[in-house]
Amino acid sequence: MKYPKVNKDFFEDILKVETPAIVYNLNILDEIVAMLERDIGFCSNLFLSFSLKANRNVGINKFLATKGLGADVASMEELKVAIKSNYRNIYCHAPGFGKKEIEYVYNHNLIFDFNTLSQVVQSLETIRGKYIGLRVKVPFDTSKSESYCELSRFGIDLQKCPKEVFYENNLVISHIHVHTGEKNIEDFEHTLDFLKSELEHNTLLKNTEVVNLGGGITRLYLEEKELETFWGMVKKFAEDVKKRGIKVILEPGMLLTMISGFLITQVVTSDLITENLNNVIMDSSRFNLFQWGNTRPLYTTSKNISVKHNVFGPSCYENDIFAKKTPLPRLEVGDKLVLSSAGAYVVSMQRTLHGIQGPKEYIYYNNYLDQGDKYELSRN
Ligand SMILES: Cc1ncc(COP(=O)(O)O)c(C=O)c1O
């Protein structure tokens with residue numbers, strides 16, 4: 001994957017914000033969307049959605065909505081952000097939704113992807129005679145597959161589920177949805193074969209209009225060869241189901257927004273432990289913020305000569321550490337540091353150990369920087 005270039009002016013601009021802060025660079029996000037659109041090419045029934053579990057910032061989501069992406073939501077909060085952001089297509093699959101939330105989904109003219117049979121049964125009053133979606137469980141061979149297989153708690157097993165519930169209540173299954181974690185070629189091939197066979201033989205699925213293939217494509221973007229194979233498979237599948245008028249969706253989260261986010265944090269204490277090792281404590285916590293992804297220092301206000309640094313968060317947790325023995329211009333109290341990869345699964349899943357406040361969020365677009373939920377930025 002070719003990383004978008006970030007110029008020095010951008011770093012100088014964002015170092016002016018009060019810390020801790022996260023700045024989302026929409027120009028970078030734009031480049032990632034363009035890269036994915038290039039990869040999709042001329043496949044007219046293949047579409048992208050953004051998985052809001054990665055980022056619920058309204059500025060980011062309004063921007064992605066104007067780019068024509070759909071939204072994948074899994075909670076009431078995410079659904080409300082998706083509606084506010086004016087996404088045209090919202091796909092909703094929430095394992096934790098009960099009767100009331102599902103009624104809310106249908107009241108907004110959306111179709112819900114049911115995760116379990118009991119979710120279907122308790123909502124019959126709302127969905128009788130309507131279109132519904134199903135998240136389906138892909139039967140993997142446990143001995144060969146890296147995926148959760150039948151141990152996964154997500155999705156309905158099409159072989160075991162009683163068809164009468166659907167027929168007797170005139171439920172039309174128009175959407176099917178799979179997500180098997182971070183994708184690998186072998187398991188994905190098996191998933192597509194399974195879907196093709198079900199679409200061909202399972203009468204319950206004869207009205208399918210949308211097949212959602214889930215997210216989890218970040219790792220593939222690190223392997224050029226695998227990536228080519230992956231897109232070849234997706235496009236072939238989309239071409240095969242096109243004759244039936246079926247739309248295919250991919251719904252990445254991490255890949256879309258991860259590298260567009262930058263954490264800006266300030267040095268609170270700075271102590272030389274040896275001549276060449278400086279221990280610094282910052283005003284934001286790695287433990288609280290980076291539960292899933294990795295991050296690394298990119299830029300600093302310090303113009304000192306370089307020494308190795310241990311860069312810690314402010315919590316009492318021993319392993320609250322951003323960088324270990326990493327060469328950086330010697331950081332002093334008050335210096336600021338920019339860290340990478342803060343655009344996905346950072347604010348959306350931050351912890352609050354000690355009640356430490358999370359970063360404020362800012363949007364940067366075409367040299368303008370602003371706080372809040374808009375991306376049409378103006379310089380007053
Ligand atoms: C159903 C579903 N779709 C999409 C995603 C997004 O995955 P990623 O952010 O890895 O692309 C997830 C992540 O957990 C998911 O559970």
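Counting starts at 1 for both ligands and their atoms, in listed order.
Below 30°, between 30° and 60°, or above 60°: for F11 and F262 the angle between ring planes is above 60°, a perpendicular geometry.
Ionic pairing of D187 and K183 is not present here: no N-O contact between side-chain nitrogen and carboxylate oxygen is shorter than 4.0 angstrom.
The shortest contact between atom 7 (O) of ligand 1 and any protein heavy atom is with G216 N, 3.5 Å. Remark: minimum distance from atom 14 (O) of ligand 1 to any protein heavy atom is reached at K53 CD, 3.6 Å. In this structure, the protein non-hydrogen atom closest to atom 3 (N) of ligand 1 is E251 OE2, 2.7 Å.
Between the side chain of N288 and the backbone N or O of L353 there is at least one donor-acceptor pair closer than 3.5 Å. No donor-acceptor pair closer than 3.5 Å links the side chain of S85 to the backbone N or O of Y87. With D113 contributing its side chain and H93 its backbone, the two residues share no donor-acceptor pair below 3.5 Å.
Residue R135 approaches ligand 1 through these ligand atoms, each under 4.0 Å from one of its heavy atoms: 1 (C). Close contacts between ligand 1 and G253 involve ligand atoms 6 (C), 8 (P), 9 (O), 11 (O) [criterion: under 4.0 Å to a heavy atom].
The shortest heavy-atom distance from A54 to ligand 1 is not under 4.0 Å.
For ligand 1, none of its N or O atoms has an N or O atom of I217 under 3.5 Å away. On a distance-only criterion, P252 and ligand 1 share no N/O pair closer than 3.5 Å. In terms of N/O distances under 3.5 Å, ligand 1 is approached by M254.
At least one side-chain heavy atom of R286 sits less than 4.5 Å from a side-chain heavy atom of N294.
A cation-pi arrangement is absent between K137 and F154 under the rule of less than 6.0 angstrom and at most 45 degrees off the ring axis.
When non-hydrogen atoms are compared, ligand 1 lies under 4.0 Å from the side chain of H179 (C-beta onward) but not from its backbone. Here Y345 has side-chain heavy atoms under 4.0 Å from ligand 1, and that is the only part of it that gets that close. Only the side chain of D72 comes within 4.0 Å of ligand 1, counting heavy atoms alone; its backbone N, CA, C and O stay farther away.
Between Y24 and Y364, the distance from one ring center to the other does not fall under 6.0 angstrom.
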